[in-house]
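First the structure, in the form of structure tokens, and then the observations on it.
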Amino acid sequence: MERKRIIVGVAGGIAAYKAATVVRQLTEAGHSVRVVPTESALKFVGAATFEALSGNPVHTGVFAEVHEVPHVRIGQAADLVVVAPATADLLARATIGRADDLLTATLLTARCPVLYAPAMHTEMWLHPATCDNVATLRRRGSIVMEPASGRLTGADTGPGRLPEAEEITTLAQLLLARNDALPYDLAGVKVLVTAGGTREPIDPVRFIGNRSSGKQGYAMARVMAQRGADVTLIAGNTSGLIDPAGVHVTHVGSAAQLRDAVSKHAPDANVLVMAAAVADFRPAHPAVNKIKKGPAGEGEPTIELVRNDDVLAGAVRARADGQLPNMQAIVGFAAETGDANGDVLFHARAKLRRKGCDLLVVNAVGENRAFEVDHNDGWLLSADGTESALEHGSKTVIASRIVDAIAAFLRTCA
Ligand code: CTP
């Protein structure tokens, strides 16, 4: 991606120290970063830290370098403003359009996307004043991330933690890659996403698994949550991905557990996104104790397999039977290699017909493609026969294009 000008605003909260990681990740991605902290942010992290990490001067007020008119120029020239952490006070000042320091002046003059990553105590986040401010900022087109839940300063826990730096910078990169802002168009939509690979036990220490990393499904959950959806994520094995902020996450192991979790949540959902790599077969008789290899020459064990339920096809059937009256869109994923019978698209078209879902995301897989990597490409097939290419991009950018298609599909259902 070409070098962009990013302003990182830092408000005065304990999470200000995490802004250093955000700045480092954005500069390492090749962007030009300028940090604009508030006066109180500098009580938590010194200006020298931000100057060293960004390679740019750091000021809080509008009276430094006055000849360059920084309170106007910095915002005007920016391609993106990221405020991390955005405290309750900063959100309030941004909402009413104050310009009482360099950061708020920059927010008033910026015409580029603005991304707020909130961090504050749960009571402050849930206060009607903050809720109104967040709603106003979103209505004006700013992106206000949902804070993460978890341990806050002291013994408190609840929503209000700054989302992980990687989540903030991933979203920042998405905003730079998209030529328009991320719409807040899925508010009120309940989405169920599955991600990652299932593990089918052979014995207490061994399993049959697959190479799915869960990255594409996590990106789907993250992007849909940022567009306002109420997202539940059923996660199989994901090799340590960070759970997306503002998403309800349930971790499962086997295909049967994933199926049960989907059955539990599907009746509430308006959208089902089956990005998980669900095992088609499982060992018929998983051993209670560890299988011993025994002396050489005594033969090799054979694992008998039985077929797992097809969760996606089951959801399509349940909807047709009237059991999922809220369900509007069912999205499947297919990883294909092509073979002697036909290419990737040939198999994908057949799979769309066989599964009966509304949209099918298709990836060509193989050596160094799709699995475990951060980039992807493919096609999006729709039950109405339309097909579009998903051009190569980060899994977050791909997720954002798929979500555009889901949002368009939901509009046709309305
Ligand atoms: N899927 C599912 N339950 C299964 C297997 C797959 O819900 N037991 C879902 C996946 O989550 C995905 C879609 O079905 O959304 C396609 O998965 P894939 O493994 O490509 O399909 P299969 O029907 O298993 O076809 P194949 O013979 O190509 O493996």
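Only heavy atoms go into these numbers, but all of them, side chains included; no hydrogens, no water, no symmetry mates. Each ligand, and each atom within it, is numbered from 1 in the order the structure gives. Along the sequence shown, residues carry numbers from 1.
- Proximity of A279 to ligand 1 is established by a heavy-atom distance of less than 4.0 Å.
- For atom 9 (C) of ligand 1, the closest non-hydrogen atom on the protein side is L312 CB, 3.9 Å.
- Panel note: side chain N56, backbone V33; a donor-acceptor pair is recorded below 3.5 Å.
- Residue-level proximity to ligand 1 for H347 is absent, since no heavy atom of it falls below 4.0 angstrom.
- The backbone N or O of N270 sits nowhere less than 3.5 Å from a side-chain atom of N326 that would complete a donor-acceptor pair.
- Of all protein heavy atoms, the one lying nearest to atom 16 (C) of ligand 1 is F333 O, 2.9 Å.
- An N or O contact shorter than 3.5 Å links K351 to ligand 1 by distance.
- By the 3.5 Å distance cut-off applied to N or O atoms, V311 is counted among the residues near ligand 1.
- Close approach to D309 involves these atoms of ligand 1, each under 4.0 Å from a residue heavy atom: 3 (N), 4 (C), 8 (N).
- In terms of protein heavy-atom proximity, atom 27 (O) of ligand 1 is closest to R354 NH2, 4.5 Å.
- In R354, the CZ atom is crowded: over 12 heavy atoms of neighbouring residues, nucleotides or ligands sit closer than 6.0 Å.
- Those atoms of ligand 1 that come under 4.0 Å of a heavy atom in G332, given as number and element, are 15 (O).
- If you take CG on L233 and OH on Y218, they are separated by 5.0 Å, rounding to the nearest 0.5 Å.
- Here the side chains of R227 and Y184 are not in contact, with every heavy-atom distance at 4.5 Å or above.
- Considering both main-chain and side-chain atoms, V278 never comes within under 3.5 Å of ligand 1 through any nitrogen or oxygen pair.
- Neither side chain, N341 nor H347, offers a donor N or O lying under 3.5 Å from an acceptor on the other.
- Interface atoms of ligand 1 facing D310, defined by a heavy-atom separation under 4.0 Å, are 1 (N), 2 (C), 3 (N), 4 (C), 7 (O), 8 (N), 23 (O).
- Under a 4.0 Å heavy-atom criterion, A276 is in contact with ligand 1.
- For atom 5 (C) of ligand 1, the closest non-hydrogen atom of the protein is D280 OD1, 3.3 Å.
- What you find for A245 and E167 is that their closest heavy atoms are N-OE2, 3.0 Å.
- Among all heavy-atom pairs drawn from P113 and L80, the shortest one is O-CD1, 3.4 Å.
- Between the choices M274, R307, K355, the shortest heavy-atom distance to atom 22 (P) of ligand 1 belongs to K355.
- Of the residues L171, I168, V10, the one that meets the side chain to side chain contact (heavy atoms under 4.5 Å, CB included) test with V82 is I168.
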